[in-house]
Protein chains: 2
Amino acid sequence: MKVLTKKTDYAIRALVMLGAQKGSYVSAKAIASEQDMPYPFLRGVLQEMIRHDLIVSKEGVQGGFMLAKDPDEIGVRQLIEIFQGTVQISECMFRKQICANRSRCVLRHEIMRIEQVVHHEFEQITIGKLLRKLHAGENLRPA
Amino acid sequence: MKVLTKKTDYAIRALVMLGAQKGSYVSAKAIASEQDMPYPFLRGVLQEMIRHDLIVSKEGVQGGFMLAKDPDEIGVRQLIEIFQGTVQISECMFRKQICANRSRCVLRHEIMRIEQVVHHEFEQITIGKLLRKLHAGENLRPA
DNA sequence: TTAATTGATATCAATATAGTATCAGTTATA
DNA sequence: TATAACTGATACTATATTGATATCAATTAA
Ligand code: FES
Ligand code: FES
């Protein structure tokens, strides 16, 4: 059971890096080498984020990517939705016995509640929050 | 993002069915046809549950499977762990910048907290609970 | 003009999930 | 005691998802 796939992982890290260099364009190449990600794969991730208006780009020499919105308005939840799709519980269980009326199914109800909790929690974690932690140097000290 | 895979799904339903026929052996064939699951696939799921001491079996004619413990002691969380492995967040992000001291990494901390919540919630949902809902007939009425 | 860059898109590889097939061993029961 | 209904064990195939490459046209600062 994997919570974050590579795409989401790379997206978060790329966004944090863009946030750290606010105002200037950062190239995919720079991100890839700095964060140790496969370059062409990262390219795809960045393009996907452009489509979702999270970042903007500039072509040509000295081009690159830049955040398109406030880091506090980019939550990990949204990234999960973009790169991993909406959460699917499973198909409807107990078709014959319990599911005659899905809206009253207890199992389904419980699982959807859990889903809500998870969504809410992931929504709290924003790029802005991560950036502040990074600047505060909370984890920059050697182990 | 899928929360429950087919194996977990089938496992839950099979266990509920066994719980509903407490004290007698139920064959894989009966479960498969009743619950509309692929027979040989279910067989594998049942064997896995035997290995984990959730159920016991009897070979030969009139054989089948039976719960090995109290339905209230079988939680969905355990099933997820058996069939989907432990929850993996993602590899360690921000290797160079943040992760010098993993134990202090905020992102990791947050995500692990979410993981705890999810685990706790899934632990609450037991086969026993589902059985009682089933017997109460909460969802047996046609839609 | 040219090298550094993104846009767009096609393709491939690796892994995980879902499902099948086979055959040996056990046991109620006729 | 033969047989059909069962599970045990295990190898295999198929499909879907995830991770990663490859190619080439278009743009732009220097
Ligand atoms: S499992 Fe299908 S509605 Fe309950
Ligand atoms: S992401 Fe690795 S410890 Fe923080």
Side-chain angles (χ1 to χ4, degrees), chain A residues 1-11 13-14 18 24-33 35-66 68 79-80 82-91 93, chain B residues 1-11 13-14 18 24-33 35-66 68 79-80 82-91 93:
Chain A
M1 195 187 191
K2 207 180 293 172
V3 176
L4 302 184
T5 63
K6 287 289 179 191
K7 281 187 178 177
T8 311
D9 176 336
Y10 294 164
R13 284 153 61 191
L18 293 185
S24 61
Y25 288 99
V26 183
S27 73
K29 192 182 156 199
I31 300 172
S33 76
Q35 300 281 344
D36 201 35
M37 306 166 183
Y39 173 73
F41 193 57
L42 170 66
R43 292 282 311 275
V45 171
L46 291 168
Q47 295 203 357
E48 188 82 24
M49 291 200 281
I50 284 182
R51 273 176 234 125
H52 286 85
D53 298 314
L54 296 178
I55 59 180
V56 291
S57 65
K58 194 179 105 180
E59 287 178 87
V61 178
Q62 300 287 346
F65 303 86
M66 201 189 284
L79 297 173
I80 291 177
I82 290 172
F83 294 106
Q84 302 173 222
T86 45
V87 179
Q88 303 237 332
I89 305 302
S90 161
E91 275 185 25
M93 304 175 128
Chain B
M1 194 188 190
K2 208 180 292 172
V3 177
L4 302 183
T5 62
K6 289 289 179 191
K7 281 187 178 176
T8 312
D9 176 335
Y10 295 163
R13 284 153 62 191
L18 293 184
S24 60
Y25 288 99
V26 183
S27 73
K29 191 182 158 201
I31 299 172
S33 76
Q35 300 280 347
D36 201 35
M37 305 166 184
Y39 173 73
F41 191 58
L42 170 66
R43 292 283 310 275
V45 171
L46 291 169
Q47 295 203 359
E48 188 82 26
M49 290 199 284
I50 284 181
R51 273 176 235 126
H52 286 85
D53 298 314
L54 296 179
I55 59 179
V56 290
S57 65
K58 194 179 105 180
E59 289 178 88
V61 178
Q62 300 288 345
F65 303 85
M66 201 188 284
L79 298 173
I80 291 177
I82 291 172
F83 294 107
Q84 302 174 219
T86 45
V87 178
Q88 303 238 330
I89 305 302
S90 161
E91 276 184 22
M93 303 173 129

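Each chain gets a letter, A, B and so on, in the order the sequences are listed, and its residues count up from 1.
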Peer 1: Can you confirm whether A:Thr8 sits close enough to A:Val3 that some side-chain heavy atom of one is under 4.5 Å from a side-chain heavy atom of the other?
Peer 2: no

Peer 1: Quickly, which of A:Leu54, A:Leu46, A:Val56, A:Val26 forms a side-chain contact (heavy atoms from CB on, under 4.5 Å) with A:Phe65? Name it, please.
Peer 2: A:Leu46

Peer 1: Apply side chain to side chain contact (heavy atoms under 4.5 Å, CB included) to residues A:Gln84 and A:Leu4 and explain how you reach the verdict.
Peer 2: CA-CA 8 Å; A:Gln84 302 173 222; A:Leu4 302 184; 4.3 Å; yes

Peer 1: Within this structure, what is the CE-to-C1' distance between B:Met49 and D:dG8, rounded to whole angstrom?
Peer 2: 15 Å

Peer 1: Between atom NZ of B:Lys6 and atom CE of B:Met37, what is the distance when rounded to the nearest 0.5 Å?
Peer 2: 9.5 Å

Peer 1: Would you give a per-nucleotide map of nucleotides 6-19 of chain C, 5' to 3', where B means the base has a protein non-hydrogen atom under 4.0 Å away, S means only the sugar-phosphate does, and - means neither?
Peer 2: BBBB--------SB

Peer 1: Do A:Glu48 and A:Lys7 pass the side chain to side chain contact (heavy atoms under 4.5 Å, CB included) test, and can you show the C-alpha distance, the side-chain angles, and the key distance before you say yes or no?
Peer 2: CA-CA 10 Å; A:Glu48 188 82 24; A:Lys7 281 187 178 177; 5.9 Å; no

Peer 1: Separation of B:Glu48 atom CD from D:dG8 atom C1', in whole Å?
Peer 2: 13 Å

Peer 1: Given axes from five pairs at either end, by how many degrees does the helix from C:dT1-D:dA30 to C:dA30-D:dT1 bend, rounded to 10°?
Peer 2: 0°

Peer 1: If you round to the nearest 0.5 Å, how far is OG of A:Ser33 from OH of A:Tyr39?
Peer 2: 11.0 Å

Peer 1: Which residues pass the ring pair (Phe, Tyr, Trp, His ring centres under 6.0 Å) test with B:Phe41, not counting sequence neighbours?
Peer 2: B:Tyr10

Peer 1: Once you round to the nearest 0.5 Å, how far does NZ of A:Lys2 lie from CG of A:Asp9?
Peer 2: 10.5 Å

